[in-house]
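Down below is the structure, laid out as structure tokens.
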Amino acid sequence: MNIFIVTGASKGIGFELMKQLKSKGDKVIGIARTNANEDEDMLTVDLSQTAHLAELIRNVIEENVSSATSFTLINNAGTVEPIGLIGTIDESKLSEALAVNLTAPMILSNAFISALDKFEGDKRIVNISSGAGRSPYEGWGVYCTTKAGLDHFSRVVSLEQKQAEHPVDILSIAPGIIDTGMQETIRASNADDFPLHDRFVDYKRHGHLTSAEETARKLIVILERKDFSSLGPIADIRQISE
């Protein structure tokens, strides 16, 4: 059985990934701060509280390894906040964003690789990145930095896994501009804090946002590609043909 672990699974891309993967018969363990639908496969966890994340992953793997033919960790959870020019940012919100966007994925990936060191089936890590990690945007100093860190972390893991006996494939992928709650947060921000505010309002107004449902579908197509291992470590969903 294919086992998927998806963070940020209660809404947006993560919710759609969990729903669509389940419909294909795969087992999906979701991780999210909330579980409004009381999904029995959802673990309610605040990723900004990082102390027990490694233990969480180890337990999930231990519970499923006997029936697994593959494991995939999808680090999807993220926050665009705090939005604001550097020098105006609340330090506590900055620390929380670093934990959710970068520290948590690193801890989860580290524990995933360690726990599955001897596992001979397919092993993959997919990090949901952003174009903001590859180009600077005023007002997104925290978000850009965390996504750039996630990209470079993925490069390092890819390099290290080339030497592994049973390597983990890793892909850090920018999903495009998606019609999710994150975009609502961006549109609700102050133009003084985010000079590109009006551009993102126009994206919504003119129908330039992709749905979470369609984005999840495309990601699953990518996950199923036989050449998945050759796509990374850095990719953009808009540049990968189906």
Side-chain angles (χ1 to χ4, degrees), residues 5-9 11-14 16-17 31-33 47-48 50 53 72-86 88-91 93-110 112 124-159 169-187 189 193-197 199-200 203 208-210 212 215-216 218-219 222-223 231-240:
I5 305 166
V6 182
T7 70
K11 56 187 177 181
I13 299 172
E16 285 293 337
L17 281 169
I31 298 174
R33 285 184 299 175
L47 291 177
S48 69
T50 59
L53 295 182
T72 301
L73 170 64
I74 304 178
N75 287 310
N76 164 72
T79 178
V80 72
E81 296 181 291
I83 297 172
L85 304 181
I86 300 302
T88 70
I89 301 295
D90 179 272
E91 293 88 350
K93 292 181 179 179
L94 188 157
S95 295
E96 182 176 344
L98 284 170
V100 172
N101 290 358
L102 185 56
T103 307
M106 291 179 70
I107 290 173
L108 294 172
S109 298
N110 181 66
F112 180 87
R124 295 169 297 184
I125 297 172
V126 178
N127 291 323
I128 303 301
S129 185
S130 170
R134 302 162 195 180
S135 299
Y137 293 93
E138 292 177 273
W140 279 4
V142 178
Y143 186 62
C144 288
T145 298
T146 56
K147 291 303 184 180
L150 194 61
D151 277 356
H152 213 48
F153 173 71
S154 302
R155 291 184 182 99
V156 172
V157 172
S158 176
L159 186 65
D169 294 322
I170 188 165
L171 180 68
S172 190
I173 186 164
I177 307 173
I178 317 303
D179 196 3
T180 63
M182 183 177 288
Q183 286 296 314
E184 293 176 5
T185 299
I186 294 166
R187 293 194 299 273
S189 66
D193 293 329
F194 182 49
L196 294 178
H197 172 271
R199 180 192 296 183
F200 282 78
Y203 287 154
H208 294 160
L209 304 180
T210 305
T215 301
K218 289 181 178 179
L219 286 168
I222 290 168
L223 284 165
L231 298 177
I234 307 299
D236 189 311
I237 199 170
R238 293 160 292 192
Q239 297 173 358
I240 299 177

Interatomic spacing from CD1 in I173 to OG in S154 - rounded to 0.5 Å: 11.0 Å

Which pair of non-hydrogen atoms, one from R134 and one from D151, has the smallest distance, and what is that distance? NE-OD2, 2.7 Å

Pairwise side-chain contact, P105 with F153, heavy-atom cut-off 4.5 Å (strictly under): no

Minimum heavy-atom distance between T180 and G12, given as atom pair plus value: CG2-CA, 4.1 Å

With a 4.5 Å cut-off on side-chain heavy atoms, are I31 and L53 touching? no

Does Y143 offer a backbone N or O that forms a donor-acceptor pair with the side chain of T146 under 3.5 Å? yes

Determine whether I128 and L219 satisfy the following criterion, side-chain contact (heavy atoms from CB on, under 4.5 Å), listing intermediate values before the conclusion. CA-CA 10 Å; I128 303 301; L219 286 168; 4.0 Å; yes

Check whether any side-chain heavy atom of L150 lies under 4.5 Å from a side-chain heavy atom of N101, and answer yes or no. no

When rounded to the nearest 0.5 Å, the distance separating CD of E184 from CG of D179 is 7.5 Å

Quick check: does any side chain N or O of N76 sit under 3.5 Å from a backbone N or O of G8, one acting as donor and the other as acceptor? yes

With T7 as reference, evaluate V100, I74, N75 under the side-chain contact (heavy atoms from CB on, under 4.5 Å) test and give the passing residue. N75

How far apart are the closest heavy atoms of A32 and A9, and which atoms are they? CB-N, 3.9 Å

Heavy-atom count check: over 12 atoms from other residues, nucleotides or ligands less than 6.0 Å from R187 CZ? yes

What's the shortest heavy-atom distance between I186 and H197, and which atoms? O-CD2, 3.5 Å

Quick one: pull up OG1 in T185 and CD in E81 and give me the separation to the nearest 0.5 Å. 5.0 Å

Nearest 0.5 Å, what's the OG1-CD1 distance between T50 and I107? 4.0 Å

Does any N or O in the side chain of D236 come within less than 3.5 Å of the main-chain N or O of R238, such that one atom is a donor and the other an acceptor? yes

What one should report as the nearest heavy-atom pair of I86 and G141 is CD1-CA, 4.2 Å

Side chain to side chain, S109 and I125, heavy atoms closer than 4.5 Å: yes

Contact check, side chains of L108 and I5, non-hydrogen atoms, under 4.5 Å: no

When rounded to the nearest 0.5 Å, the distance separating CD1 of I170 from CG of N127 is 5.0 Å

Measure the shortest side-chain to side-chain distance between I234 and R155 over non-hydrogen atoms and say whether it is less than 4.5 angstrom. yes

Answer yes or no: is there a side-chain heavy-atom contact under 4.5 Å between E96 and T79? no

Would you call V157 and P233 a side-chain contact if the rule is heavy atoms closer than 4.5 Å? no

To the nearest 0.5 Å, atom CZ of F112 lies from atom OG1 of T72 at 6.5 Å

Can you tell which of T210, L209, T215 makes a side-chain contact (heavy atoms from CB on, under 4.5 Å) with I177? L209

What one should report as the nearest heavy-atom pair of I237 and G176 is CG2-N, 4.0 Å

Measure the acute angle between the ring planes of F194 and W140, then classify it against the limits of 30° and 60° as parallel, tilted or perpendicular. parallel

